[in-house]
Amino acid sequence: MKRPTPPIEWAGDHIRIIDQTLLPAEVKFIEIRSASQAVDAIQRLAIRGAPALGAFGSLALVVALDEIEPESLSQARTRLEECRTLIGDARPTAINLRWAVDRVIDQATKDGSDLTSLRSALIREAQAVADEDKAACDEIGRLGHELLRDANVIGTHCNAGRLATAGSGTALAPMYAKAQAGEPLRVLASETRPLLQGARLTAWELDDAGIDVTVVPDGAMASTVLSGQVDAYIVGADRIAANGDAANKIGTVGHALAAREAGIPFYVAAPTSTIDFKLASGEQIEIEQRDAVEVHEIQGSRLTPQGVDAFNPAFDVTPHHLITAIITEAGVLRPPFRDSIAEAFKQVGGS
Ligand code: MRU
């Protein structure tokens with residue numbers, strides 16, 4: 001397999017990211033040097049995917065602090081508090097962003113007794129968020145590989161791979177593990193309208209790694225599954241409620257229904273940082289509504305008649321009863337999810 005390109009890099013005084021909106025046509029790196037550039041990159045999906053948003057949001061706190069050149073500790077702390085909402089709420093569904101921003105600010109505020117130690121603590125904690133995510137991806141890859149050993153054709157939706165995490169991905173990590181083990185593997189990537197994360201990003205990163213990937217139109221996936229051509233599904237998640245209901249890219253629930261009808265497993269892969277234990281069920285998950293222009297247009301060309309409305313929810317919630325198992329770094333969680341999630345949460349020290 002070829003060497004992967006890291007989607008996020010800390011360059012000492014700025015963050016360097018691949019602008020994912022341009023992939024696969026162009027691999028362009030952009031430099032993030034201010035809070036407003038960070039928020040813009042998050043909101044236009046130059047950086048995306050729940051765990052990657054957590055890793056990026058953590059580093060964005062450092063550039064947001066540097067940008068104002070604070071003269072006192074209290075000025076720096078006030079700036080970080082501003083960023084709790086400015087950066088932490090830049091996208092509402094992926095809990096990893098809010099979780100990481102809160103974690104890094106809280107830890108740095110505790111450890112930073114002057115401006116220098118505050119900045120160092122921010123960088124240290126941001127690095128810990130990324131390192132832990134990378135380790136979580138590895139463990140999810142290992143556990144998912146065991147579950148998917150006999151699955152030769154695997155369906156996925158959106159992009160939950162290297163581009164979406166600080167490591168080898170969540171849903172895609174087991175695929176990398178299978179490929180590394182030399183097992184037969186063909187991935188069906190649903191295109192994921194309107195922003196085409198499956199067609200553009202999953203296809204690009206798996207192809208880059210030498211993995212056989214076929215892009216399937218969203219509307220063709222259910223019949224492909226029902227005709228017996230898919231052995232299992234694995235997708236990522238943006239937020240998982242305490243009962244196992246899982247929010248992920250719009251369209252995911254349709255794949256879960258097809259999998260249930262076809263009698264194939266439907267796995268959700270996510271680090272425990274994606275679990276929002278405060279929420280009893282998926283009904284409480286805020287679903288990001290995005291600009292209708294993303295539905296009206298493809299790469300700047302208008303598809304729909306002028307004057308017609310478009311509806312553009314970015315995520316949907318797959319009810320827990322359609323999920324075979326949730327693969328986390330703390331183990332493979334099985335129904336009843338309320339119990340297995342509570343146990344995993346305790347194991348990783350959550351409250
Ligand atoms: O809108 P996006 O591209 O950020 O949506 C991403 C997804 O839905 C992913 O499946 C999810 O964040 C998991 S990424 C490991």
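The figures that follow rest on heavy atoms only: side chains count, while hydrogens, waters and symmetry mates do not. The first residue in the sequence is number 1, and the count goes up from there. The structure presented is a predicted model; accordingly, all values stated were derived computationally and were not measured. Indexing begins at 1, ligand by ligand and atom by atom, following the structure's order.
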### Task
State which residues pass salt bridge (Lys or Arg N to Asp or Glu O under 4.0 Å) with D89; sequence neighbours excluded, sorted by chain then number.
R98

### Query
Does L53 come within less than 4.0 angstrom of ligand 1, counting non-hydrogen atoms of the residue?
no

### Message
Only heavy atoms of T165, strictly under 4.0 Å: list the atoms of ligand 1 that pass.
### Response
15 (C)

### Task
Pick one of side chain, backbone, both or neither for how A237 approaches ligand 1, counting any non-hydrogen atom pair under 4.0 Å.
backbone

### Message
Using a 4.0 Å cutoff against the non-hydrogen atoms of R91, which atoms of ligand 1 qualify?
### Response
1 (O), 2 (P), 4 (O)

### Query
Side chains of T109 and R77: is there a donor and an acceptor less than 3.5 Å apart?
no

### Message
I'd like to check which ligand 1 atoms, numbered from 1 as shown, lie under 4.0 Å from a non-hydrogen atom of A50.
### Response
12 (O), 14 (S)

### Query
Among Q20, K249, R48, which residue places a heavy atom closest to atom 1 (O) of ligand 1?
K249

### Task
Report the nearest protein non-hydrogen atom to atom 14 (S) of ligand 1: residue, atom name, distance rounded to 0.1 Å.
A164 CB, 3.5 Å

### For atom 8 (O) of ligand 1, the protein heavy atom that lies nearest, with its residue and separation
D238 OD1, 2.9 Å

### Message
Only heavy atoms of A160, strictly under 4.0 Å: list the atoms of ligand 1 that pass.
### Response
14 (S), 15 (C)

### Query
What atoms of ligand 1 come closer than 4.0 angstrom to any heavy atom of Q197?
1 (O), 2 (P), 3 (O)

### Message
Please check: side-chain N/O of R200 versus main-chain N/O of L23, any donor-acceptor pairing under 3.5 Å?
### Response
yes

### Query
Below 4.0 Å from any atom of ligand 1, is there a heavy atom belonging to A314?
no

### Message
Within the 4.0 Å heavy-atom shell around T170, which atoms of ligand 1 are there?
### Response
15 (C)

#### Entry: Under 4.0 Å to a heavy atom of N248 - the qualifying atoms of ligand 1, by number
7 (C), 8 (O), 9 (C), 10 (O), 11 (C)

### Message
Check whether E31 reaches the backbone of H14 with its side chain - one donor and one acceptor, N or O, closer than 3.5 Å.
### Response
no

### Task
Check if A94 has a non-hydrogen atom at a distance under 4.0 Å from any atom of ligand 1.
no

### Query
Which atoms from ligand 1 have a heavy atom of G49 less than 4.0 Å away?
4 (O), 12 (O), 14 (S)

### Query
Do R79 and E67 touch side chain to side chain, with heavy atoms closer than 4.5 Å?
yes

### Message
Quick check against the 3.5 Å criterion: does R193 have a side-chain atom that pairs as donor or acceptor with the backbone of V295?
### Response
yes

#### Entry: Heavy-atom side-chain proximity of P174 to I234 below 4.5 angstrom
yes

#### Entry: Check: P51 main-chain N/O paired with D133 side-chain donor or acceptor under 3.5 Å
no

### Task
Please check if the side chain of D231 supplies one atom and the backbone of V153 the other of a donor-acceptor pair under 3.5 Å.
yes

### Message
Yes or no: does E288 have any heavy atom under 4.0 Å from an atom of ligand 1?
### Response
no

### Task
Identify, with sequence neighbours excluded, every residue that meets ring pair (Phe, Tyr, Trp, His ring centres under 6.0 Å) alongside Y233.
H255, F266

